[in-house]
Q: 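This is the structure I have questions about; it appears just below.
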2 protein chains.
Amino acid sequence: MGLRERKKAQTHAALSWAAVRLAVERGYDKVKVEDIAEAAGVSPRTFNNYFSSKAEAIAFRHLDRCLRIAEALRERPEGPLWDAVTHSVLRQFEPDEEAVAHPPATDAAQWTAGVRVMVEEPALRGEMLRAGAVTEAEIAVAVAERIGGDAERDLYPHLVASAVMGAVNTVIAHHLRTGPSVPVNDLLTDALARIGAGLSTP
Amino acid sequence: MGLRERKKAQTHAALSWAAVRLAVERGYDKVKVEDIAEAAGVSPRTFNNYFSSKAEAIAFRHLDRCLRIAEALRERPEGPLWDAVTHSVLRQFEPDEEAVAHPPATDAAQWTAGVRVMVEEPALRGEMLRAGAVTEAEIAVAVAERIGGDAERDLYPHLVASAVMGAVNTVIAHHLRTGPSVPVNDLLTDALARIGAGLSTP
DNA sequence: CTAAAACTTGCGGGCCCCGCAGATTTGCGG
DNA sequence: CCGCAAATCTGCGGGGCCCGCAAGTTTTAG
């Protein structure tokens with residue numbers, strides 16, 4: 001990868017992390033695109049060369065994490081489908097090197113509180129759901145590859161993908177509602193097992 | 001219901017139907033809020049008293065249809081859960097009296113083509129997914145009521161709701177992709193049966 | 001009939017997002 | 001090391017969206 005692409009990736013990341021941090025700290029609509037651009041060290045105009053909206057910049061962190069599920073699924077083409085799915089999902093909920101490096105500067109409680117408020121923002125919810133939908137399409141393709149189907153014509157891969165993302169989203173929401181009394185991993189494992197029970201390969 | 005509320009409901013419907021019709025005919029970003037307001041016979045300012053964004057006005061038709069699923073589910077508290085779910089979903093895909101009355105003026109093929117283009121619009125996708133999420137919450141409450149659980153604390157109702165909406169969304173997407181070669185009802189019945197198999201009451 | 005409550009509308013303003021064109025930086029052979 | 005072509009950054013300008021506010025108008029209730 002040349003210097004050019006590396007710089008681009010850096011700016012991309014810097015912008016999205018800055019967007020998340022500021023929105024969590026101050027609240028979504030008290031952050032101007034100008035602020036995000038400044039925090040990332042680029043001009044306001046450049047912001048929109050990287051993201052087509054403020055919400056997209058924030059949701060990009062979510063998209064990035066979700067897409068790794070599909071990626072992990074591709075890298076694990078052996079074994080039963082639902083084992084691979086469960087493993088691929090769980091892996092994305094381990095502590096992340098990049099995550100701990102980027103958005104510190106607040107204690108955990110205050111941070112989660114800020115996140116809870118932020119994800120209520122309608123524009124943001126829509127954008128995050130869209131990220132989930134993009135991921136779903138990727139997972140569907142990965143599943144189709146694995147079982148030798150066609151993501152264009154068959155319903156089954158999309159059904160699986162939808163079930164997976166549904167379980168993930170539901171568990172995340174449940175976790176944000178009820179707090180960390182039950183480990184996320186256990187919830188995910190349980191949810192995926194239930195959902196997967198009805199979706200054995202046709 | 002007083003005159004006041006009836007007029008409000010009328011304006012609400014007029015605005016959303018006009019928004020859909022214009023967006024399908026001309027394309028999302030060639031429709032200005034001003035146009036929608038004019039088509040519904042109100043001032044541009046009034047539009048935003050009813051909807052907080054252009055996308056929301058269009059997606060409202062989708063939201064309305066989806067919410068009827070939860071409503072139907074409540075009205076059918078007897079029998080096995082998944083029978084009731086399947087029945088409630090299928091009912092919303094019958095021809096609709098209001099639907100045939102409002103957006104005519106084009107042949108079916110051209111209309112679906114327009115819809116296909118429209119739903120690609122990112123802002124709109126997000127808003128429609130958000131409508132699905134709102135519905136999901138409603139369904140979760142309905143399911144919790146039915147099985148005597150608590151939508152606030154239990155995961156299961158949300159898991160069911162997510163699975164239902166996932167199946168519905170997936171089937172709709174599949175139908176838009178592949179055309180009307182297979183009846184939607186059959187796809188829905190099949191998808192719900194598969195999904196439901198893993199989610200019998202815990 | 002009258003007063004309060006609810007709704008509509010125009011105005012003003014802030015912000016977002018994008019097209020365009022000129023300056024700047026990077027990649028690549030010579 | 002040089003200089004050119006391509007990619008990128010930036011400022012400017014503008015269209016459009018959305019909302020608060022303060023009349024003006026309609027509906028409701030007593």
Q: Give the rounded distance in Å between these two atoms: NZ of B:Lys30 and C1' of D:dG16.
A: 16 Å
Q: Quick one: B:Tyr28 OH to D:dC17 P, roughly how many Å, whole number?
A: 8 Å
Q: Can you tell me the distance, in whole Å, between the CZ atom of A:Phe47 and the C1' atom of D:dC12?
A: 19 Å
Q: In whole angstrom, what separates B:Asp29's CG from D:dC17's C1'?
A: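 Answer to the nearest Å: 13 Å.
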Q: Round to the nearest Å and state the distance from B:Asn49 atom CG to D:dT26 atom P.
A: 17 Å
Q: Base, sugar-phosphate or nothing for A:Tyr50? Non-hydrogen atoms, less than 4.0 Å.
A: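 Touches sugar-phosphate only.
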Q: Nearest whole Å is fine: how far is D:dT8 C1' from A:Lys8 NZ?
A: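 Those two atoms, NZ and C1', are 8 Å apart.
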Q: State whether a side-chain donor-acceptor pair under 3.5 Å links A:His158 with B:Arg177.
A: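 Yes, because at least one side-chain N or O of A:His158 sits under 3.5 Å from a partner of the opposite role on B:Arg177.
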Q: Does A:Arg194 make a cation-pi contact with B:Tyr156 (under 6.0 Å, within 45 degrees of the axis)?
A: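 Cation-pi check for A:Arg194 and B:Tyr156: fails.
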Q: Whole angstrom is fine here: how far is it from CZ in B:Arg6 over to C1' in D:dT27?
A: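 It is 12 Å, rounded to the nearest whole Å.
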Q: In Å and rounded to the nearest 0.5 Å, what is the CG to CZ distance from A:Leu15 to A:Phe51?
A: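 A:Leu15 CG to A:Phe51 CZ: 6.0 Å, rounded to 0.5 Å.
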Q: Using a 4.0 Å cut-off to any heavy atom of chain A, which nucleotides of DNA chain C are the first and last in contact, reading 5' to 3'?
A: C:dC15 to C:dG27
Q: When you measure from the side chain of A:Thr46 to the backbone N and O of A:Val42, does any donor-acceptor pair fall under 3.5 Å?
A: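 Looks like no, no N/O pair under 3.5 Å.
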Q: Measure the spacing between NZ of A:Lys32 and CZ of A:Arg26 and express it to the nearest 0.5 Å.
A: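 It is 9.0 Å, given to the nearest 0.5 Å.
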Q: Of B:Lys7 and A:Pro44, whose nearest nucleotide on DNA chain D comes first from the 5' end?
A: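 So the residue in question is A:Pro44.
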Q: Whole-Å distance between D:dC9 C1' and A:Asn48 CG?
A: 13 Å
Q: Taking the six-membered ring of B:Phe60, is the NZ or CZ of B:Arg65 close enough (under 6.0 Å from the centre) and on axis enough (within 45°)?
A: no
